[in-house]
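This report refers to the structure that appears directly beneath it.
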Amino acid sequence: MSDKKSLFKNVRVIIFILAILASIVVIHPGYNSAEGATTNLNYGLDLEGGSWLQIKLQGALAQVDADSGMIVSQMVEPVIGAPIQITDNNLDVSGGSPSEKSITFTTSFPVSASQLELLDLGSVSVDRLNQETTQVTITTSKETLIQAYLSKAFDAEVLPISTENGIVYEIRTEVSEEELSAVMNKVGGTILKNEDGTSTYKEGVSTDTRDLTREILNDKLNSLGLKDIPVRTVGEDYILIDFAGIDLATAKDIAEKPGKFEIRVQTTGNETQHVLYGDSIVNVGIPTFHDNQWHTPFTLNEEGARALQKVAIETGATDSPDSHYLNMYLDENKIYGAPLSYSAAARLKETPIYSWEASTGTDEAAKTEASMLQIHLRAGALPVNVVLVGSGHVDATLGAQFKTEAVIAGLLSLIAVAAVVFRRYKRPEILVPMVGTSISEVIMILGVAAAIGWQLDLAAIAGIIAAIGTGIDHLVIITDEVLYEGKLPPTKVFISRIGKAFAIIFGAAATTIIAMSPLVVMGFGALKGFAITTIIGVFIGVVIARPVYGVVIKELLEADGSGTQESMAE
């Protein structure tokens, strides 16, 4: 007699059933009179309707050179109000350690180290040579001087980036080649040329800055409690944002809120002094109500905390906080202003403060202001300014139509496949498990999508259909290997043949996953969704569903009497 185990005691079948049940639970299909059929699935712009925005990152990249002495003169003389004379400069000499690189100048005007440290030129040493001459030595590098000069000239962050061709300066604001050339000419500098004679100037930002901006936008937009909002890069300098289920006006309103955040301290009258940008804010908390006021908590990093302490002391805010408001700006528009508390002012005299709370008041308007300040503080982390360059809208009715048509297309694909399979084998005991396996794979793919919050769009639907096609190919391979002249082979032959079938299937699946991987890694817009869905479908099919099909088809064919005498005796 056969020693066959029950199908429901087979470990692979148990895992398969549990995966199906888990997927159905995660998908959570339901129905109510108000919304009709409901699930936990997230639909993308194509299927839900909504808006899309394309934004461009403003910046410039270039290799430049300049006279380091002229840079120091250009930056120091307006600060001290007197001319300087460069007496020593080894910044252009190759070799030597960074600690030995310095530039020295003398001036007849008294100078303090703290006065010059604000220029971020380097480590400053001041010596009073006599009653009329002060000598200043700045330990620095030429790259640091150029960075500080460009940052001040364009009032923007500037990052030197090391490349195999030299230092490339990333200016994180919109700057034309003509403007950059004019600024460099003032310090005896110029924009360098490539080996082929073309300019090294390039409009745009670095890949790291682009990816950082995308991550910040993604965190910012999805923290608003709206539906999952995919933020993806398109090309080198553009970011595409889909707002499924959100109209175009609301989408623009949301997307345009992020901007460049800055904190400045009031000095005298309407004059203010820069303290820090939004990238010094490392954490923003949820607004809370305590001490009879609404507060928005946020935390500064080491650099930001020390910058705030330094400026507060220099401007006198620690001695007279009521006269020196701490103002916050978003895209140069003031969004908040309040004096330091006396306790904070006293503490700043001794040590930096990392954790802060911005108080907005006691009423509902203050609560709303605290919530908006939370959003603005998060938006302040954007490293560059962005500009809206394109937008579009997919009508919700059209999205619903696409969704219906996608379901119909999937069903037609499944029916067509079933018809072809039945024509080939003409045996219901093969057709039913084969079609059932394909349906189960679709359920598990949708379960994974619901579990991870993946948005299903038309590209994802195409990926599911591609996974169905790949799955049917694999099931046909298994079936052809299992059947031997229309009958089950002896068990030893069956095991050999099923092993051969899965060797082919694993090879084909690996090839598909490898072929799709570049689309996932490089992120070609909607094709990324197609690739991810296809990979998930192939992986689920190979690991869970198709091994179970091999078990089920053998049991059903034996029960149908298609097995050989030898196999039945075992």
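Bear in mind the structure is a predicted one, so any value in this text is a computation, not a measurement. Positions are given from 1, in the same order as the sequence printed here.
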Is atom CD of Q293 surrounded by more than 12 heavy atoms (other residues, nucleotides or ligands) closer than 6.0 Å?
yes
About how many Å separate CG of L276 and CD of E303, when rounded to the nearest 0.5 Å?
9.0 Å
Distance-minimising heavy-atom pair for P339 and D322:
CB-CA, 4.0 Å
Scan residues 347-356 for pairs that pass salt bridge (Lys or Arg N to Asp or Glu O under 4.0 Å), counting only residues two or more places apart or in two chains.
D319-K349
How long is the gap from CD1 on I536 to CE on M516, to the nearest 0.5 Å?
12.5 Å
Side chain of D127, backbone of L129: donor and acceptor closer than 3.5 Å?
no
Smallest heavy-atom separation, A370 atom then W294 atom, equals CB-CB, 4.2 Å
Looking at L456 and A449, what are the two nearest heavy atoms and their distance?
CD2-CB, 4.0 Å
Run the side-chain contact (heavy atoms from CB on, under 4.5 Å) test against E302 and tell me which residues pass, sequence neighbours left out.
R306, Y354
Could you tell me if T137 and T104 have a donor-acceptor pair between their side chains, going purely by distance under 3.5 Å?
yes
Ignoring hydrogens and geometry beyond distance, is a side-chain donor-acceptor pair present between T209 and E170 at under 3.5 Å?
yes
Rounded to the nearest 0.5 Å, what's the gap from OG on S162 to CD1 on I167? Could you check?
3.5 Å
How many angstroms lie between atom CG of L326 and atom CZ of R264, to the nearest 0.5 angstrom?
11.5 Å
Residue pairs involving residues 55-65 (criterion side-chain hydrogen bond (donor to acceptor under 3.5 Å, both in side chains); sequence neighbours excluded)
K56-E203, Q58-E174, D65-K142
All pairs passing side-chain hydrogen bond (donor to acceptor under 3.5 Å, both in side chains) where residues 72-83 contributes a residue, at least two apart:
none
Just so I know, are the side chains of Q147 and P160 near enough to count as touching, which here means a heavy-atom distance under 4.5 Å?
yes
Give, for atom OG of S343 and atom CD1 of I353, the distance between the pair rounded to the nearest 0.5 Å.
7.5 Å
Applying side-chain contact (heavy atoms from CB on, under 4.5 Å) to L308 and W356, what does each step give before you reach the verdict?
CA-CA 11 Å; L308 179 52; W356 290 85; 3.2 Å; yes
Rounded to the nearest 0.5 Å, what's the gap from CG on L159 to CG on L150? Could you check?
11.5 Å
Could you go step by step and tell me if F105 and Q85 meet the side-chain contact (heavy atoms from CB on, under 4.5 Å) rule?
CA-CA 5 Å; F105 66 85; Q85 182 177 1; 5.9 Å; no
Minimum heavy-atom separation for M75 and Y149, please, with both atom names.
SD-CA, 3.6 Å
Is it the case that the side chains of N327 and T272 hold a donor-acceptor pair, with the cut-off being a distance below 3.5 Å and no angle test?
no
Sequence neighbours left out, what passes side-chain contact (heavy atoms from CB on, under 4.5 Å) with V175? Give chain and number order.
A60, F154, I171, T173, E179, L180
Stepwise side-chain contact (heavy atoms from CB on, under 4.5 Å) check, V64 with L192
CA-CA 5 Å; V64 299; L192 301 181; 5.6 Å; no
side-chain contact (heavy atoms from CB on, under 4.5 Å) assessment of T200 paired with V168:
CA-CA 9 Å; T200 57; V168 174; over 6 Å; no
Show your reasoning for whether side chain to side chain donor-acceptor pair (under 3.5 Å) applies to S199 and E177.
CA-CA 9 Å; S199 173; E177 185 172 3; 2.8 Å; yes
Which residue pairs pass the salt bridge (Lys or Arg N to Asp or Glu O under 4.0 Å) test when at least one of the two sits in residues 187-197, sequence neighbours left out?
none
Quick one about T315 and Q273 (side-chain donor to acceptor, distance below 3.5 Å, no hydrogens or angles considered), yes or no?
no
So which heavy atom on A82 is nearest to which on T107, and how close?
CB-OG1, 4.0 Å
Does K334 have more than 12 heavy atoms from other residues, nucleotides or ligands lying within 6.0 Å of its NZ?
yes
If you compare all heavy atoms of G59 against all heavy atoms of V205, which two are closest, and at what distance to 0.1 Å?
CA-CG1, 4.0 Å
For residues T144 and L121, determine if any side-chain heavy atom of one lies less than 4.5 Å from a side-chain heavy atom of the other.
no
